[in-house]
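These notes are about the structure you will find just below.
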Number of protein chains: 2
Amino acid sequence: MPDACLLGDQRDLIDQVLDKWSLSILAVLLRGPHRFNELRREVPEITQKSLAQTLKRLERNGIVERIVLDTRHFAVEYRMTALGRSFEAPRQALAQWASDHLEDVNKARASYDADDDARAAASP
Amino acid sequence: MPDACLLGDQRDLIDQVLDKWSLSILAVLLRGPHRFNELRREVPEITQKSLAQTLKRLERNGIVERIVLDTRHFAVEYRMTALGRSFEAPRQALAQWASDHLEDVNKARASYDADDDARAAASP
DNA sequence: CAGTATCCCCTACGATACTG
DNA sequence: CAGTATCGTAGGGGATACTG
């Protein structure tokens with residue numbers, strides 16, 4: 001079985017970790033444990049609901065750990081698990097690629113869109 | 001600017017490349033150029049519509065190249081661009097991670113779900 | 001503080017049919 | 001063969017309000 005090939009299970013897994021907000025949250029959590037509202041501040045565009053949802057999913061998949069610091073004062077902390085840290089390599093590779101090739105992609109898009117416009121103008 | 005941090009542009013870019021089917025298609029295309037219907041056969045779960053959509057997006061982002069082989073006989077081929085091949089490193093890292101840690105994640109899920117059930121049973 | 005609960009929208013995706 | 005066009009649905013995500 002070639003590892004260039006993705007099985008259904010792998011895709012499911014990757015989807016869980018690569019949804020809209022996970023990468024951002026993981027990036028924050030990598031720097032150290034954070035409280036719920038700290039995460040909100042670090043990723044201001046996210047809503048409470050999506051944050052809670054994303055954290056739950058990451059927790060369920062063993063990527064992140066939820067730690068109750070104090071029952072009486074509602075203090076909870078999220079931190080990376082070992083499994084979560086193991087994800088750092090691919091995450092890093094992805095982020096690196098994206099920042100390295102942003103320019104190229106933008107050029108490609110511009111040229112693709114220009115061609116589209118040209119075609120539209122040619123056959124109205 | 002720490003590269004552990006994801007900017008909006010990077011997220012957009014990654015989203016384009018990591019939608020539901022892209023990784024699978026990229027994996028196939030990496031093995032060599034493929035025709036439209038060949039791709040359908042290689043990724044049988046995908047619908048025509050989604051395949052067309054995904055290919056367009058990948059083409060627009062410069063990841064994949066669409067080549068008309070013969071106008072009269074509707075022969076078209078898709079192949080990786082240089083930019084597309086540059087994505088192989090992160091893609092590989094991701095696939096590798098997924099296959100390496102499938103077990104761990106499945107265990108984590110099972111234990112999370114078991115805890116859920118336990119809680120539900122405790123307070124009906 | 002750390003979340004749920006609700007409502008609502010929107011679009012990604014699927015199924016099916018059609019076409020140059 | 002290589003796609004569009006159209007319709008329909010599920011759920012991801014936002015806004016807002018509420019709670020232990």
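Residue numbers start from 1 in every chain, and the chains themselves are labelled A, B, ... in the order their sequence lines are given, proteins ahead of strands.
- With axes fitted over five pairs at each extremity, the angle between the ends of the helix from C:dC1-D:dG20 to C:dG20-D:dC1 is 50° (10° resolution).
- To the nearest angstrom, P of D:dG14 lies 12 Å from CZ of A:R40.
- To the nearest angstrom, P of D:dG13 lies 13 Å from CG of A:L55.
- With the nearest nucleotide of DNA chain D identified for both B:A52 and A:F74, B:A52 has the one nearer the 5' end.
- Within the 4.5 Å cutoff, no side-chain heavy atoms of A:Y78 are placed close to those of A:L58.
- Nearer to the 5' terminus of DNA chain C, by closest-nucleotide assignment, is the contact made by A:R66 (compared with the other of A:R66 and A:K49).
- At a threshold of 4.5 Å between non-hydrogen side-chain atoms, the residues A:V17 and B:V105 do not count as touching.
- Looking at A:K20 and B:D15, no side-chain N of the basic residue comes within less than 4.0 Å of a carboxylate O on the acidic one, giving no salt bridge.
- Residues B:L23 and A:R11 have side chains in contact (heavy-atom distance under 4.5 Å, counting atoms from C-beta outward).
- The side-chain heavy atoms of A:I25 and A:I46, taken from C-beta on, include a pair separated by under 4.5 Å.
- Using a 4.5 Å cut-off on side-chain heavy atoms (C-beta onward), A:L30 and A:L26 make no contact.
- What separates CZ of A:R57 from P of D:dG13 is a distance of 6 Å, to the nearest Å.
- Following rounding to the nearest Å, A:Q48 (CD) and D:dA15 (P) show an atom-to-atom distance of 12 Å.
- A:W97 places a side-chain heavy atom less than 4.5 Å from the side chain of B:L83.
- You won't find any donor-acceptor pair under 3.5 Å spanning the side chain of A:K20 and the base of D:dG13, going by distance alone.
- Under 4.0 Å is where a charged nitrogen must lie from a carboxylate oxygen, and between A:E88 and A:R91 at least one such pair does.
- The outermost nucleotides of DNA chain C lying under 4.0 Å from heavy atoms of chain B, listed 5' to 3', are C:dC13 to C:dG20.
- The two residues B:L51 and B:R40 make their nearest non-hydrogen contact at CD2-CG, 3.4 Å.
- Whole-Å rounding puts the A:D15 CG to D:dG13 C1' distance at 16 Å.
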